[in-house]
Number of protein chains: 2
Amino acid sequence: MGAITKVRARAQDAQVGLPLDRILMDDCIDAMKGLPDKCIDMIFADPPYNLQLGGELFRPDGSHVDAVTDDWDKFDTFAAYDRFTRGWLAEARRILKDDGTIWVIGSYHNIFRVGTAVQDAGFWILNDVVWVKANPMPNFKGTRFTNAHETLIWASTGEKAKYTFNYRAMKTLNDELQMRSDWALPICGGPERLKNADGHKAHPTQKPEALLYRVLLAATRPGDVVLDPFFGTGTTGAVARRLGRRFIGIEREHAYVEVAKERIAAALPLDESALTIMQSAKSAPKVAFGLLVETGYLAPGAVLTDAKRRWSAIVRADGSLQTGDQTGSIHKLGAVLQGAPSCNGWTFWHHEEAGELKPIDSLRQTYLLATQP
Amino acid sequence: MGAITKVRARAQDAQVGLPLDRILMDDCIDAMKGLPDKCIDMIFADPPYNLQLGGELFRPDGSHVDAVTDDWDKFDTFAAYDRFTRGWLAEARRILKDDGTIWVIGSYHNIFRVGTAVQDAGFWILNDVVWVKANPMPNFKGTRFTNAHETLIWASTGEKAKYTFNYRAMKTLNDELQMRSDWALPICGGPERLKNADGHKAHPTQKPEALLYRVLLAATRPGDVVLDPFFGTGTTGAVARRLGRRFIGIEREHAYVEVAKERIAAALPLDESALTIMQSAKSAPKVAFGLLVETGYLAPGAVLTDAKRRWSAIVRADGSLQTGDQTGSIHKLGAVLQGAPSCNGWTFWHHEEAGELKPIDSLRQTYLLATQP
DNA sequence: TATATCAGTGAATCTGGGT
DNA sequence: AACCCAGATTCACTGATAT
C-alpha cells in the first residue's frame, strides 16, 4: 500500500458511520444536526431564494405566506431569510472538516445576504465565481439586462485554513491557462433535464452536471465526502458518483428524492485511470540538487549559467554553488544574484548539453525517469 | 415646445442650486448632507473594497506587485465596514430622485456586504452585472481561481419605482441582441490610464471609461445629474461630460481632485478606442478541450487516435490525455508522440463516431452550434 | 523602417513543512 | 509562534529597445 493510499484509507476511517451515498429525507438543519463534527470534506449548497416571485410570497422554508393574515413586509422577509441562512450555515460550519470548503450558489435575490452570512459565520471567501450562461432565458419585457449569470461563493473554514485546490487539473481543463473566476457553461436542458411523467421539468432550478463537475474536480479528491443540504434532483450526487467521490444528500421533498435516487443509480462511475488528473510538481517526489551531484548526473566543478548567461556559478561537491565569494544553494544564490526575494534554482540555472543550454530541472526529470519504477 | 422637451426643462429647474459639473473635496457623507432631498438622477459608487491584503506579493519572475495599500481601503472589522457602507447608502437614498437608480461596484471582499446594505436601505435590486475582465492579473501562486471579474449592483428606489433603462440603446450596442448581465471589457491601461509626473499610476483603481459609458448610456438620459461619491480621478465625470450628462463628484483626496479636474477639462470627444472596445465587446467564444469533457460531449475514459490509428490515448477527467505513462494536453501529447515541436490537437486527435473517425474539432463545432444563440 | 525581443504591470484577501 | 529555507508560480497587453 503506497503512502498516498494509506493517507486516504486513514481519512476514510473517519467516514465510518456516515450515511454515505444516501439521501436523507429531512429538513436540512435537522439532518445536519444528526452528523458529527468535522466529518465532511466539501459542502455544495444551492439554497432556495423564492422570496417574492410571481406575486406569491414564500417563506424560505417553502411554506406559503398569506398576505392577509400574516404580518409581513420586506424587512420581515429579509430577516427571516437571514435567520434561515445563518441557521444552516452554522451547522454547515460545524460538520465541515478544518481543511474542508463550502460552495454556495445563488442569484442577486439572495447571494448578497448569503455572502454576508458566510463571512459572518467565520468562513473565509476564496473566490466568487460567476457561472456565465451560454443560453440564458431572455428578459421578455425588455426592462432590465438579461439575467445571464449566477454567482458561486467558495470559502474555506478560516483565513489560515488549508484546503484542496487542484490547480494543475483546472489549468489543464482550461487549455493550459489558469482557470478563471468566470465559467461559461450551458444551462441544464436537453436530455439532461429531468422531466416528470407529465413532461414538465421535475425541478425548477436543476443545475447542469458540468457545473458540479468543475466544482468537484477543483476542490475535492477521490473518496472525499461531499454534502449537499439542498439536494433537489441530485446533480451533486450524480456527479460525485461519476467522479469517485462519496455524497450525502439532504432533501425534504419526497418527489425530488425519488427522482434523484433513480438518476444516481444510472450514473456510471469512471474507472480509476480516467479519474487520474494532472498533478502539480509539489506532489512529485523531491530530489535534492546534491543528489544529482552525488550520483554523477552533474560533476563537481561543472559550470552553470542562467538562460541568458548573465551569471555563472560553479558546482561544489556538497551541492552548493559558488560565484566569486558568494555561495549558497541553487535557490539562494539565484535569488541573491538577481536581487530577487526568491528564486527557483531548478529553472533558473542551466547547464550546457550538446551545445544547448538546458535548465537543470531537465536533469532532475532524467534522474526521476531512470530511478522511478 | 413639445411635451417631452417640457418635461426635461421642468426637470432641469430642479437642478438650480446644485454644484453641477463640480468636484466637492470633502468626506462623501458630509458632502451628500449638503445636497437637498431627491435631486439626483443616478448615483455611481466605487467605494473602498476593504481588500485586507497580507504581506508583499511577488510575481514568478521576482518583480513586486504594486498592491492597494492606501489608508482609505483599511477598515478594522466587517462591522466597521458595514457602518461606513450603511452610512453613505442612507444619504445616497435620501438625495436620489424617486425614479433614480444607484450603481455600486465591488469585489467579493465587499460586494456581499454592500448588496445586503443596499437591500436593507430599501433599494430594489434590478440586476447584478459582472464586469468580466479581458486581461486580469493572474493568480501568481496558483492558490485559487484567477480573480477575473468584479460585480456591479444596479438598484431602483423601490419595488414599484420607475427608472430609466434604455433598452433599445443597449440592444444596438450589443449587435441587436439583448444586453446581458455579463460585460466583457478590458481593464484600464494604456494611454487611458492616468499617470503622475513620476510616471506612476495616479490612482490604484481607475475604472475604464468603457464601463462607465455603458452604465450611463443604459440608465440615464441626456441632461440627467449623475453623482459619484467616490470620484477618484473622475472617470464618471469624464464620461458624463462626453455623453451630455451633468455630474457631481465627491472626493476627499486633494491629489485625485487635481488630476480629475485636469482630465475633465480636457474633455475629449469620446475616445475612438473606447468606442471600438464598446462595440467589439463580444469576444469570440473560446472552447477549451476540457469543456467538452465537462459537458459530456466526450466522456473521460474515451479513446482518441490519430487519423491513421498509429497512436491512441485515453481522455482523463481533467481533459488531459494519457498514452502509457505519457500525459498532457491534446496539443502537448500529440507533439510528444510525433516528436514534433508542436501539434494542433484539435485536428490531430480523432474519435470514432458512427463507425467513422472524426477529428475532435468537429465536436467543438457541434458544441458551439448547440450553445451559441 | 519593420520586426523581434524584452521589460513592465494591473482592486490580490497568493506556500508549506520543518525546527 | 516565529523563523528558516526549499522551491513552486503568471496572462494579456503596452511600450521601449534591439536587430
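So that the names make sense, note that chain A is the first sequence line, chain B the second, and so on, each numbered from 1. Both backbone and side-chain heavy atoms feed into the values below; hydrogens, waters and symmetry mates do not. Small disclaimer: the values here were computed from a predicted structure and weren't measured.
Checking D/dT10, D/dA6, C/dG10 against the side-chain heavy atoms of B/Pro60 singles out D/dT10 as nearest. Candidate nucleotides C/dT15, D/dC11, C/dA11 were compared by shortest atom distance to the side chain of B/Thr143, and C/dT15 ranks first. Set against D/dC11, C/dA11, C/dA12, the side chain of B/Arg193 has C/dA11 as its closest nucleotide. Of the candidate nucleotides C/dC14, D/dA8, D/dC5, C/dC14 has the atom nearest to the side chain of B/Arg144. Side-chain atoms of B/Asn139 lie closest to C/dC14 of the nucleotides C/dG10, C/dC14, D/dA8. Here C/dT13 is the nucleotide among C/dA11, D/dA12, C/dT13 with the atom lying nearest to any side-chain atom of B/Asn147. Comparing C/dG17, C/dA12, D/dA8 by their nearest atom to the side chain of B/Lys141 picks out D/dA8. Among C/dT13, C/dA11, D/dT10, the nucleotide with an atom closest to any side-chain atom of A/Lys171 is D/dT10. Of the candidate nucleotides C/dA12, C/dA7, C/dG10, C/dA7 has the atom lying nearest to any side-chain atom of A/Lys308.
Below the 3.5 angstrom threshold, one finds no donor paired with an acceptor across the side chain of A/Ser280 and the base of D/dA8. No N or O donor and acceptor, one from the side chain of B/Arg59 and one from the base of D/dT9, sit under 3.5 Å apart.
Across every non-hydrogen atom of B/Ser320 and A/Thr172, the tightest pair is CB-CG2, 3.6 Å. Smallest separation of non-hydrogen atoms from B/Asp73 and B/Tyr49: OD1-N, 2.9 Å. Closest approach of B/Tyr81 and B/Pro48 over heavy atoms only: OH-O, 2.6 Å.
Within 4.0 Å (heavy atoms only), A/Leu177 reaches sugar-phosphate atoms of the nucleic acid but no base atom. Contact annotation for B/Thr146: no contact, since no heavy-atom pair falls under 4.0 Å across all strands. Among the protein residues, B/Lys207 comes within range of the nucleic acid bases, having at least one heavy atom under 4.0 Å from a base atom. Using a 4.0 Å heavy-atom distance criterion, A/Arg364 is classed as a sugar-phosphate-only contact. Across all strands shown, A/Glu159 has no heavy atoms under 4.0 Å from either base or sugar-phosphate atoms. Among the heavy atoms of the strands, none lies under 4.0 Å from B/Ser107. Using a 4.0 Å heavy-atom criterion, one finds that B/Gly55 contacts the bases of the nucleic acid, with or without backbone contacts as well. When heavy atoms are screened at a 4.0 angstrom cut-off, B/Asp46 is found touching base atoms of the nucleic acid. When heavy atoms are screened at a 4.0 angstrom cut-off, B/Pro208 is found touching no nucleic acid atom at all. Among the protein residues, B/Pro136 comes within range of the nucleic acid bases, having at least one heavy atom under 4.0 Å from a base atom. Note on B/Phe58: nothing from the nucleic acid sits closer than 4.0 angstrom, heavy atoms only.
When each of A/His331 and B/Pro191 is assigned the nucleotide of DNA chain D bearing its nearest heavy atom, the one mapping closer to the 5' terminus is A/His331. For B/Gly190 and B/Ala134, each mapped to the nucleotide of DNA chain D holding its nearest heavy atom, the one lying further toward the 5' end belongs to B/Ala134.
Put simply, CZ on B/Phe75 is 18 Å from P on C/dT13, counting in whole angstrom units. Atom P of nucleotide D/dT14 and atom CD of B/Glu192 are separated by 12 Å, given to the nearest angstrom.
Pair assignment for C/dA4: D/dT17, on the basis of Watson-Crick or G-U wobble contacts that are both within less than 3.5 Å.
In this structure, C/dT15 shows a glycosidic angle more than 90 degrees from zero, which is the anti conformation.
Side chain of A/His331 to backbone of A/Gly345: a donor-acceptor contact under 3.5 angstrom is found. In this structure a side-chain-to-backbone donor-acceptor pair under 3.5 Å is present from B/Glu251 to B/Gly232.
Taking CD1 of A/Ile330 as the start and CH2 of A/Trp346 as the end, the distance is 5.0 Å to the nearest 0.5 Å.
Taking the ring centroids of B/Trp103 and B/Trp154, they lie under the 6.0 Å cut-off.
Residue side chain A/Trp124 meets the stacking definition with respect to C/dT13: its ring centre sits within less than 5.5 angstrom of the base's six-membered ring centre, and the planes differ by less than 30 degrees.
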